[in-house]
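These notes are about the structure you will find just below.
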Amino acid sequence: MGKTMAEKILSRKCGRDVEPGELVVCEVDMTFAHDGTMPLAIQQMKNELGTTKVFDSCKVAGFCDHASPSPSSHISNVHTMMREFARENCIDFYENGDGICHQIVLERYAAPYKVIVGADSHTCTHGAVGAFATGMGSTDVGAIMVYGKTWFKVPESMKIEVDGELGEWVTSKDLFLSVVGDIKADGATYMSMEFVGKCIDDMEVEQRATLTNMAIEAGAKLGLCKADDKVKEFLREYGRGDEFEELYPDDDAEYLSEIFIDAQDIEPMIAYPHRVDNVAPAYEFKGMHIDQVCIGSCTNGRLSDLEIAAQILDGEEVCKDTRLVVYPASRSVFIKAVERGIIEKLLEAGAAVCAPGCGFCIGRTVALGDGEKALSTQNRNFKGRMGNENAEIYLSSVPTAAASALYGEIVDPREVL
Amino acid sequence: MIIRGKVLRVLPDDTNTDEIISGKYKYDVLDIGKLAVHTFEAIDPSFYKDAKKNPGSILVAGKNFGCGSSREQAPRVLRECDISCIVAESFARIFYRNSFNVGLPIVECKGILAHVDKEDELEIDLDGGKIRNITKGYELSFKPIPDFMQNLLQAGGIMSYLRKSGGYE
Ligand code: SF4
């Protein structure tokens, strides 16, 4: 019987053929946590296992990204505790302003066939380069940091085959929002969402990472795309060409469910409060005032995202009644965006461009006011997520967000650009 | 293991971890006792007090309970509120895993919502895969929990399990 991509990776790791539903114990190639989850992981290691020593300092990393640069003395103390742990263990440690864990893991660690576990739900992002990557809690990650292993239930797989081409100003974000609108927030629970088809083949890794990043929003354990020439090119660009290896699903792989989509049918979409699976086409929100537009996050804060935003905002000005906040996803994204003149265009259009990190996404360094509405390129719009329970969060692609910033209201980018 | 208790709340589909415990607290408090005071604060301000008044209560929920972030503070605060078990139509994956890791029993039982109201008294047999609604005299069954995960619960969570067994096999 053929195998899905998730089954192939776990079978190789276990040294035998594994079947969906089986519980397996296997080695983890890379594990990480951030300032929201690492303190608890360290505390668990210390109190429960009586150690703060990691199993392999090359396979563990820590990130100050969720509340970065630190907005309070309390969080600064949390960062200090993490720094000490990192120093003691000689692990890679990413400082305030280095960027979001998932962007950095994608740039520096993720590769085909690697098993990656992060103490963050969006760890599924790394399936964009063919890694078996999934999020777990702090205790799980604390245990992995000590033992270098964990247990998995081999997931069933869902195939999402997308053929054809996306229309102008339509992106992989719109594609995912349409999918989650159809299958709902629990539509892929426990599963590996495997994205295939010509439309996915044509996408760069950065756009694929938006899909795999959001797999968790449909309840999936992981999201996976093929490791093909685009992945090879991406790894080479980050100096890791030697880590490339092809990964494809078998033609006769078995899926629990299959979805077929014609990319031409996808329109610019909005997820409206307070659920990611509340979706409707952007034109249905035409004229709705937006107080703040946010571009960034581990979903849509990469170079190509900032580039498209700059292209739309070039020579224009953000609407007076609307604020535009931009957080590049990592230091390397930020540097390249400066070099290419992208940041200058965004600044001239009126954006507040901030140090790489999670920033607005959880309202730690930028929060919304009472009754305000935000349009954001992030992945979640739960009540209170951007630091205020009395605010509303709408989610969209970068083109929709950038075009809406110009008008101060939600627009369908196809109608105005 | 048999768990017996009253249903404290019946919660809707897709109750997320931000609702269980707001992300805004997780950086500020490592002390679960202090954090637990804010459980369900935004949507159900009296939750903590009610739970503490009725230790050993059971929560019943709809589909996809615990979706959203990986914060394991969510099952931890619920355990800290003295919740003895959560029975839901289904759970989000990370929450499911985290609950066993922190030693909070949870049960996936299709059809539970239709047969339970607030204040009903339930008896849950984890090994036998049975839920008896004592108040209504109704019985439902569920797929028994895999041995490995029962072992986690018995040990009191993944850490004590690993400590006792010295790692994975
Ligand atoms: S950008 Fe948002 S979703 Fe991504 S890791 Fe940071 S807080 Fe989480």
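The shown structure was predicted, so the numbers you read here are calculated from the model rather than taken from an experiment. Below, chain A is the first sequence line, B the second, and so on; all start at residue 1.
- The distance from the CG atom of Leu162(B) to the NZ atom of Lys149(A) is 11.0 Å, given to the nearest 0.5 Å.
- Here the closest non-hydrogen pair linking Gly68(B) and Ile216(A) is O-CG1, 4.5 Å.
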| field | Worked check of ring pair (Phe, Tyr, Trp, His ring centres under 6.0 Å) between Trp151(A) and Phe148(B) | value | CA-CA 10 Å; Trp151(A) 60 276; Phe148(B) 176 70; 5.2 Å; yes
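- Note that CE of Met136(A) is 12.0 Å distant from CD of Glu72(B), once rounded to the nearest 0.5 Å.
- Atom NZ of Lys143(B) sits in a sparse spot, with 12 or fewer heavy atoms from other residues, nucleotides or ligands closer than 6.0 Å.
- The backbone N or O of Thr37(A) sits nowhere less than 3.5 Å from a side-chain atom of Arg71(B) that would complete a donor-acceptor pair.
- Rounding to the nearest 0.5 Å places OG of Ser138(A) at 10.5 Å from CG of Asn101(B).
- Around atom NZ of Lys52(B), more than 12 heavy atoms belonging to other residues, nucleotides or ligands sit under 6.0 Å away.
- Counting all heavy atoms, side chain and backbone alike, Asp186(A) lies closest to Ser90(B) at OD2-OG, 4.4 Å.
- In this structure, His274(A) NE2 and Glu19(B) CD are separated by 9.0 Å, a value rounded to the nearest 0.5 Å.
- In this structure, CG in Asp18(B) is found 10.5 Å from CG in Asn381(A), a value given to the nearest 0.5 Å.
- Contact tally against chain A (heavy-atom pairs below 4.5 Å) for Thr17(B), Ile158(B), Asp14(B): the top residue is Asp14(B).
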| task | Evaluate the criterion side chain to side chain contact (heavy atoms under 4.5 Å, CB included) for residue pair Thr139(A) and Asn98(B); output intermediate values, then yes/no. | result | CA-CA 8 Å; Thr139(A) 298; Asn98(B) 284 341; over 6 Å; no
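- Taking a 6.0 Å sphere around CG of Asp370(A), one finds it holds more than 12 heavy atoms contributed by other residues, nucleotides or ligands.
- Side-chain atoms of Ser22(B) and Arg385(A) form no donor-acceptor pair, as typed in the model, at a separation below 3.5 Å.
- Annotation: Glu27(A), atom CD; neighbour count of heavy atoms from other residues, nucleotides and ligands within 6.0 Å does not exceed 12.
- In terms of heavy-atom pairs under 4.5 Å with chain B, the best-connected choice from Leu49(A), Thr134(A), Asp140(A) is Asp140(A).
- At a 4.5 Å heavy-atom cutoff, the contact between Tyr190(A) and chain B is made by backbone and side-chain atoms alike.
- Of the atoms belonging to Ala185(A), heavy atoms from both backbone and side chain fall under 4.5 Å from chain B.
- Only the side chain of Leu23(A) has a heavy atom closer than 4.5 Å to any heavy atom of chain B.
- Applying the salt bridge (Lys or Arg N to Asp or Glu O under 4.0 Å) rule to pairs touching residues 39-50 of chain A yields Glu48(A)-Arg163(B), sequence neighbours excluded.
- Only the side chain of Tyr96(B) comes within less than 4.5 Å of a heavy atom of chain A; its backbone N, CA, C and O stay farther away.
- With a threshold of 4.5 angstrom between heavy atoms, Gln43(A) approaches chain B through side-chain atoms but not through N, CA, C or O.
- In this structure a side-chain-to-backbone donor-acceptor pair under 3.5 Å is missing from Arg93(B) to Met191(A).
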| task | Carefully, step by step, assess Thr150(A) and Tyr168(B) under the rule side chain to side chain contact (heavy atoms under 4.5 Å, CB included). | result | CA-CA 8 Å; Thr150(A) 195; Tyr168(B) 293 101; 3.8 Å; yes
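- Using a 4.5 Å cut-off between heavy atoms, Pro146(B) touches chain A through its side chain atoms alone.
- When the candidates His122(A), Lys383(A), Arg275(A) are compared by the number of heavy-atom contacts under 4.5 Å with chain B, Arg275(A) comes out ahead.
- For Lys59(A), the NZ atom counts as densely surrounded, since its 6.0 Å shell holds more than 12 non-hydrogen atoms of other residues, nucleotides or ligands.
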